[in-house]
Amino acid sequence: MSWGLSRVTVRFGDATALAGVSIDVEPGEVAIVVGADGAGKTTLCRTLVGLEGIDGGEIRRPDRTGFQPETSGVWNDLTVMENLEFVAGAYGLATDPARRRIETLLEVTGLGGARDRLGRQLSGGMRQKLGVAMAVLSDPELLVLDEPTTGLDPVSRLELWSFISLTAGEGKAILVTTTYTDEARRGNSVLALDGGRSLASGSVAEVIDAMPGALFESARSHGPSSWRRGRTWRIWSPEAEPVPGATEVSPDLADVVTVAALAAEARR
């Protein structure tokens, strides 16, 4: 059985944080939610794990769910070991199995040598790995990670994704939010959010193939449907009409998300 949201709406007063959003998270797979700050990613995570109520739609979640908030969830005044032991106690895990599980997690995350280091003394990458380890300690069926790689250096990001992939290989259903579109290729599926609304969803290939119109590249801007990529400009042609002085190019996911946002803005 898959977990996730079906046409879920969440409102905070007059503000709509999620507007009819749907996502499926399959066991053994990683679903990625990508979007800028304020897109609704954190609300989606908190809603999925039961920390926010809904104003419409349906939530499907298992009895055992692990959650890492954007702040990593690590207690600064506890050591690595104490953080893990505290979580184990909060879940009521039996002492001996919990200790074996903790030792395994310390090994696979590379935190064994830092077991006596306080949370405040950890690097950003170590804090995030510890946060994921804390979230997965109870052996959840669904693991929800809110921007676990934000602010990490490339090596730390790679190490954390290796751990996430290993965890998915154990059969866990995993949802990861991120602001980095390049990370979406690591997932089995992707949902692009903007202003609490779904821009596109499916596998990366499906999302790219579904982009309307055509994409061109030029040395200069061509109006409101243009945006800078490196030293050149991307231009979206909704009707796939040629753009004078521009060359047609194949889009990547970052291009498609931008196009989806432009199309949504045009509809509004």
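All values below were derived from every heavy atom in this structure, side-chain atoms included, with hydrogens, water molecules and symmetry-related copies excluded. Along the sequence shown, the residues carry numbers beginning at 1. Since the structure is predicted, the reported quantities are computational estimates derived from the model, not experimental observations.
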- Item | Pair listing, side-chain hydrogen bond (donor to acceptor under 3.5 Å, both in side chains) test, anchored in residues 84-99, at least two apart |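 side-chain hydrogen bond (donor to acceptor under 3.5 Å, both in side chains) check on residues 84-99 returns no pairs.
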- Item | Pairs flagged by side-chain hydrogen bond (donor to acceptor under 3.5 Å, both in side chains) wherever residues 3-27 is involved - sequence neighbours left out |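 Listed by first then second residue: Ser6-Arg60, Asp24-Arg60.
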- Task: Report yes or no: do Asn83 and Arg127 form a side-chain donor-acceptor pair below 3.5 Å?
- Result: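 Per modelled atom types, Asn83 and Arg127 side chains form no pair under 3.5 Å.
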- Query: For the hydrophobic clusters of this structure (ILVMFWY residues joined by side-chain heavy atoms under 4.5 Å, transitively), does one cluster hold both Val30 and Val33?
  - Reply: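 Different clusters.
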- Check whether Trp233 and Val259 end up in the same hydrophobic cluster, where Ile, Leu, Val, Met, Phe, Trp and Tyr are linked by side-chain heavy atoms less than 4.5 Å apart.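 Shared cluster, no.
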Checking [X] now: which residues fulfil side chain to side chain donor-acceptor pair (under 3.5 Å) with it, not counting sequence neighbours?
X: Trp161; result: Glu183
X: Asp146; result: Thr42, Thr177
X: Thr47; result: none
X: Asp209; result: none

- Item | Donor-acceptor under 3.5 Å (Lys41 side chain, Gly35 main chain) |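 Here the side-chain-to-backbone pair exists.
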- Quick one: hydrophobic cluster around Val243, which other residues, with the 4.5 Å side-chain cut-off, linked directly or via members?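 Members alongside Val243: Phe216, Ile235.
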- Message: Going by salt bridge (charged side-chain N to carboxylate O under 4.0 Å, His left out), name the pairs with one or both residues in residues 242-262, residues two or more places apart or in two chains.
- Response: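 Every salt bridge (charged side-chain N to carboxylate O under 4.0 Å, His left out) pair that includes a residue of residues 242-262, provided the two are not neighbours, is Arg229-Asp252, Arg229-Asp255, Arg234-Asp255.
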- Could you state the interatomic distance from CZ (Arg64) to CG (Leu143), rounded to the nearest 0.5 Å?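 So the CZ of Arg64 and the CG of Leu143 are separated by 12.5 Å.
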- Message: Tell me every residue that passes side-chain contact (heavy atoms from CB on, under 4.5 Å) with Asp116, counting only those two or more places apart in sequence or in another chain.
- Response: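 In terms of side-chain contact (heavy atoms from CB on, under 4.5 Å), with neighbours along the sequence ignored, Asp116 is linked to no residue.
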What residues form a salt bridge (Lys or Arg N to Asp or Glu O under 4.0 Å) with [X], not counting sequence neighbours?
X: Asp153; result: none
X: Arg115; result: Glu103
X: Glu29; result: none

- Message: Which residue is it: Val144, Leu51, Val176, Leu145? I am looking for the one with a side chain to side chain contact (heavy atoms under 4.5 Å, CB included) to Cys45.
- Response: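 One option only clears the test, and that one is Val144.
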